[in-house]
Enquirer: 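If you scroll down you'll find the structure; I have some questions about it.
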Amino acid sequence: MGYGFSRADVDFLVSAAGRAALTEAARLELTSATHLRDLERARRDFGARAPALIETVRLRRRASAKLADAGDWLFTEDAVQQATPTVVARRRARRLAGRAVHDVTCSVGAELVELARVCPAVVGSDLDTVRLAMAAHNIGAAWHPVVRASAAAGLSRQNVVLAAADALKPTTKDTVIVADPGRRAGGRRTHDPAALQPPLPDLLTAYAGRDMVVKCAPGLDFDSLDWPGEIEVVSLDGAVREACLWSPGVAEPGVRRRAAVLSGTGASYTLTDADPDDIPERAPGQWIIDPDGAIVRAGLVRHYAAGHGLWQLDPHIAYLTGDTVPPGVRGFRIEDRMEMREKTLRQELARRDCGSLEILVRGVDVDPDVLRKKLKLRGSKAYSLVITRIGRAAAVFLCTARAPLTPPSS
Ligand SMILES: C[S@@+](CC[C@H](N)C(=O)[O-])C[C@H]1O[C@@H](n2cnc3c(N)ncnc32)[C@H](O)[C@@H]1O
């Protein structure tokens, strides 16, 4: 749950006294070993302000893993969890560069700050006035009707206005609507679009016909949505983070699906369904490649294969094969192809002195942990087992994994 910040807490934290207290509190270790001692000391030094100070220091540290500006920012626990990572927000903002935008669920401003860098006019609104007060500090924006400049962050963004407003009641005209409905209902993650806050169907109705970009959970059922624009699936450092709906007016013409494969190091690439997808049907090559989850989720496995001279092990399964491995991805060199029989696998792995085994499964009903136990590995070498289906039969490939070579350029 985290500490429940009030508007008075935010007022204190952005004041000169609050900033000085935060500098002091930032010296506390705040590890599980020092927690009680730190708390005692904070209570002695800061009295009733201690919980807000300690929580802010803790959340800043946590947020620094995904937000570039976290060092001076104010957060609630949920706001950190819900914030779009800077790499993802920056990329989305770049696609909207030059447009006037309205982020109708702006929270503490993780997307807003990136939009403000490249868009001439930016409005941020949210129902939660504590988060809005934090956003005003975080991005140095004017909060209508109370205008605040952020001395702590040293920023003054003339092009951003913040306001408390319900996203379901349009308050701006001629702006691109950016929305990121909350994915947590009752403390748990939900995949039901109607259970989001605000509900996705209501949001789409409220802005029908407008240019809009809506961030959704990657598990969204694309087919039932029947979205007329582009659906972009985004991964960051190998983990699929979101599916983003781009309305026809802001989508790339002719594109209905896109995969954006991003990395914290800055290397990234995109792939769309407008790219070629002609691939040969062939027997397995020397390598197996497991494409990035964004490519699989966006349904662009063939397009990725076509771009890298690969082909599929089976037309219905997302594993690819070929004689080379694209840069930036792990490859599994095929050492042997075997039948799905435990006894044969156990004997072969023992003969090869296998001690650790990564098991990848797709298209067959095998629990890797259960299988690994049954294989009784006692050796010293590392192997990977790719278990999949080719046609109607299960196929097992014993492989050695190779780390990614040079990452792809943006
Ligand atoms: C997932 S968070 C947005 C996070 C934000 N994109 C970021 O990166 O920091 C969703 C936000 O929607 C707000 N919200 C929920 N229902 C709303 C509504 N009807 N109108 C405006 N904001 C709403 C919540 O208060 C919350 O701050």
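Start at 1 and go down the list; that is how both ligands and their atoms are numbered. Just so you know, residue 1 is the first one in the sequence shown, and it goes up from there. Everything numeric in this text was worked out from a predicted model, so none of it was measured.
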Enquirer: Can a side-chain donor-acceptor contact be found between D180 and T105 if the only test is distance below 3.5 angstrom?
Expert: no

Enquirer: Which donor-acceptor pairs under 3.5 Å do side chains of residues 21-28 form with protein atoms, sequence neighbours excluded?
Expert:
residue: T23; atom: OG1; partner: R19; partner atom: O; Å: 2.9
residue: E24; atom: OE2; partner: R27; partner atom: NH1; Å: 2.6

Enquirer: Does a donor on one side chain sit under 3.5 Å from an acceptor on the other, for K66 and T86?
Expert: no

Enquirer: Counting both backbone and side chain atoms, is some N or O of T84 under 3.5 Å from an N or O of ligand 1?
Expert: yes

Enquirer: Looking only at protein heavy atoms, which one is nearest to atom 25 (O) of ligand 1, and how far off is it?
Expert: D126 OD1, 2.7 Å

Enquirer: Strictly below 4.0 Å, N to O, side chains only: are D38 and R41 in salt-bridge contact?
Expert: no

Enquirer: Test of understanding: given a 4.0 Å heavy-atom threshold, classify the contact between V104 and ligand 1 as side chain, backbone, both, or neither.
Expert: backbone

Enquirer: Roughly how far, to the nearest 0.5 Å, is the SG atom of C216 from the CG atom of L245?
Expert: 4.0 Å

Enquirer: I want to check a possible cation-pi pair here: R402 against W287, using under 6.0 Å from ring centre and within 45° of the ring axis as the test.
Expert: yes

Enquirer: Looking at S107, which atoms of ligand 1 are within less than 4.0 Å of one of its heavy atoms?
Expert: 3 (C), 4 (C), 5 (C), 9 (O), 27 (O)

Enquirer: Looking only at distances, please establish whether an N/O atom of ligand 1 is found under 3.5 Å from an N/O atom of A167.
Expert: yes

Enquirer: Starting from atom 2 (S) of ligand 1, what is the nearest protein heavy atom, named by residue and atom, and what distance separates them?
Expert: Q82 OE1, 3.5 Å

Enquirer: Using distance alone, with no hydrogens and no angle criterion, decide if T34 and E29 have a side-chain donor and acceptor under 3.5 Å apart.
Expert: no

Enquirer: Does the distance from a Lys or Arg side-chain N to an Asp or Glu carboxylate O, for E232 and R257, drop under 4.0 Å?
Expert: no

Enquirer: For ligand 1, which atoms, with element, lie under 4.0 Å from some heavy atom of A110?
Expert: 7 (C), 8 (O), 9 (O)

Enquirer: Do the side-chain N and O atoms of H102 and S125 include a donor-acceptor pair separated by under 3.5 angstrom?
Expert: yes

Enquirer: Could you tell me the residue and atom name of the protein heavy atom closest to atom 15 (C) of ligand 1, and the distance to it rounded to 0.1 Å?
Expert: Q197 O, 3.4 Å

Enquirer: Return yes or no for this condition: an N or O of D180 is under 3.5 Å from an N or O of ligand 1.
Expert: yes

Enquirer: Could you identify the single nearest non-hydrogen protein atom to atom 18 (C) of ligand 1 and state the distance to 0.1 Å?
Expert: L127 CD1, 3.4 Å

Enquirer: Which residue and atom name correspond to the protein heavy atom nearest atom 19 (N) of ligand 1, and how close is it?
Expert: D166 OD1, 2.9 Å

Enquirer: Out of curiosity, is A165 lining ligand 1, as in a heavy atom under 4.0 Å away?
Expert: yes

Enquirer: Atoms of ligand 1 less than 4.0 Å from P198 heavy atoms?
Expert: 15 (C), 16 (N), 17 (C), 19 (N)

Enquirer: Give the residue and atom name of whichever protein heavy atom lies nearest to atom 12 (O) of ligand 1, and the separation in Å to one decimal.
Expert: T105 CB, 3.4 Å

Enquirer: Quick check on contacts: which atoms of ligand 1 are under 4.0 angstrom from a heavy atom of D128?
Expert: 25 (O)

Enquirer: Quick one: are T321 and W311 in side-chain contact, heavy atoms under 4.5 Å?
Expert: yes

Enquirer: Classify the contact between R131 and ligand 1 as side chain, backbone, both or neither, using a heavy-atom distance cut-off of under 4.0 Å.
Expert: side chain

